[in-house]
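Residue indices begin at 1 and follow the sequence shown.
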Amino acid sequence: AITFRKRVVADQDDGQTSGAGTAVATGGNTIQINATKYGLFRFTDLDIPVNAQVKSAYLRVYSAADTSSAANLSISIEEAGNSSTLTGETGVSGVDFFGSVGWTISDSWDTDASYQSPDIKGLVNAALNAGWNAGNSMLLRVSSTSGNRTFWAHEKYDQLRSAQLI
């Protein structure tokens, strides 16, 4: 069994956007997830072998705000064997996301604390079946069906509190 942890390692690999066709903001300190904005997290140079079967996978994020209200988030993954760098101008036009894992949050969140999603292995395994090669990149999208959360972006603390794929 192989266990790895991979963080967002560059400013242009996380951001927020209001939807397809709109610019991706990759320069801020935080990523806001709410009814009109969703977050994007790109994990690069993943050394997962071709034909691997992932047994568990999680998204770990760090809260950038105290939040006491409940939230229902949804995580999906880009339908591609290798995700491109996020660019502010092109946004995510033409990017197809598939699958969905619900993340129901009923507890309060504290600033700077880390929080882990439910298991997203089904999403990761589906991406591995879409023309995957070791060393490729994956892109996750986090959206909200109700409530909101704010995560630290790579820009704020470099890699110390950037999103992590476990």
Problem set entry | For the student: nearest non-hydrogen atoms of G102 and P118, plus distance | O-CG, 3.3 Å
Problem set entry | Closest non-hydrogen atom pair between W152 and D112, with its separation | NE1-OD1, 2.7 Å
Exercise. When hydrophobic residues are tied together by side-chain contacts of less than 4.5 Å, even through go-betweens, does L86 share a cluster with V95?
Worked result: yes
For this session: Could you list all the salt bridge (Lys or Arg N to Asp or Glu O under 4.0 Å) pairs where at least one residue sits in residues 35-46, not counting sequence neighbours?
Result: D13-R42
For this session: Using salt bridge (Lys or Arg N to Asp or Glu O under 4.0 Å) as the criterion, list what pairs up with D119, not counting sequence neighbours.
Result: K121
Exercise. Do H154 and D11 have side-chain atoms, one donor and one acceptor, less than 3.5 Å apart?
Worked result: yes
For this session: Taking the side chain as every heavy atom from C-beta outward, state whether Y58 and V124 have any pair of such atoms under 4.5 Å apart.
Result: no
Exercise. Under 6.0 Å from the CG atom of N129, do we count more than 12 heavy atoms belonging to anything else shown?
Worked result: yes
For this session: Mark yes or no for whether D14, through its side chain, and A153, through its backbone, hold a donor-acceptor pair below 3.5 Å.
Result: no
For this session: Return yes if some donor-acceptor pair links the side-chain N/O of S63 with the main-chain N/O of A65 below 3.5 Å, else return no.
Result: yes
For this session: Measure the spacing between OG of S137 and CZ of F43 and express it to the nearest 0.5 Å.
Result: 10.5 Å
Exercise. Do the side-chain N and O atoms of N72 and T145 include a donor-acceptor pair separated by under 3.5 angstrom?
Worked result: no
For this session: Measure the CZ-CD distance between R5 and Q164 for me, rounded to the nearest 0.5 Å.
Result: 5.5 Å
For this session: Could you check if a side-chain atom of Y62 sits within less than 4.5 angstrom of a side-chain atom of T111, using non-hydrogen atoms only?
Result: no
Exercise. Going hydrophobic residue to hydrophobic residue with side-chain gaps under 4.5 angstrom, can you get from M138 over to V54?
Worked result: yes
Problem set entry | Polar side-chain atom of Y38 near backbone of Q32 as donor-acceptor pair, under 3.5 Å | no
Seminar exercise, completed: To the nearest 0.5 Å, atom OG1 of T104 lies from atom CG of L73 at 8.5 Å
For this session: Consider only side-chain heavy atoms of I, L, V, M, F, W and Y, link residues closer than 4.5 Å, and tell whether V9 and L165 are in one cluster.
Result: no
Problem set entry | Between N82 and W132: side-chain donor-acceptor atoms closer than 3.5 Å | no
Exercise. Is the closest side-chain heavy-atom distance between F151 and W109 below 4.5 Å?
Worked result: yes
Exercise. Is R7 reaching over with its side chain to a backbone N or O of A163, donor-acceptor style, under 3.5 angstrom?
Worked result: no
Problem set entry | Check against side-chain contact (heavy atoms from CB on, under 4.5 Å), V61 and I31 | CA-CA 10 Å; V61 294; I31 298 170; over 6 Å; no
Problem set entry | From CA spacing to verdict: side-chain contact (heavy atoms from CB on, under 4.5 Å), K6, D47 | CA-CA 10 Å; K6 184 70 176 187; D47 195 22; over 6 Å; no
Problem set entry | Sidechain-backbone polar pair: N136 side chain, G81 backbone, donor-acceptor under 3.5 Å | yes
Exercise. About how many Å separate CG of N34 and OG1 of T150, when rounded to the nearest 0.5 Å?
Worked result: 8.0 Å
Exercise. Does V50 belong to the same Ile/Leu/Val/Met/Phe/Trp/Tyr cluster as I77, with side-chain heavy atoms less than 4.5 Å apart forming each link?
Worked result: no
Exercise. Taking K156 for the side chain and R161 for the main chain, is one N or O donor matched with an acceptor at less than 3.5 Å?
Worked result: no
Exercise. Looking only at heavy atoms, what is the nearest atom pair of G99 and S76, with distance?
Worked result: O-CB, 3.1 Å
Seminar exercise, completed: salt bridge (Lys or Arg N to Asp or Glu O under 4.0 Å) pairs touching residues 141-154, sequence neighbours excluded, are none
Exercise. So do the side chains of L139 and L40 get within less than 4.5 Å of each other, counting heavy atoms only?
Worked result: yes
Exercise. Given side chains that start at C-beta, do those of L128 and I48 come closer than 4.5 Å, heavy atoms only?
Worked result: yes
Seminar exercise, completed: Closest non-hydrogen atoms of A70 and S106, given as atom of the first, atom of the second and distance, are CB-CA, 4.3 Å
Exercise. Taking a hydrophobic cluster as the set of Ile, Leu, Val, Met, Phe, Trp and Tyr residues connected by side-chain heavy atoms closer than 4.5 Å, whether directly or through intermediates, do I105 and F41 fall within one such cluster?
Worked result: yes
Problem set entry | Distance, nearest 0.5 Å, that separates CG of L123 from CZ of F97 | 11.5 Å
Problem set entry | Pairwise distance CD1(I75) to OG(S100) - rounded to 0.5 angstrom | 8.5 Å
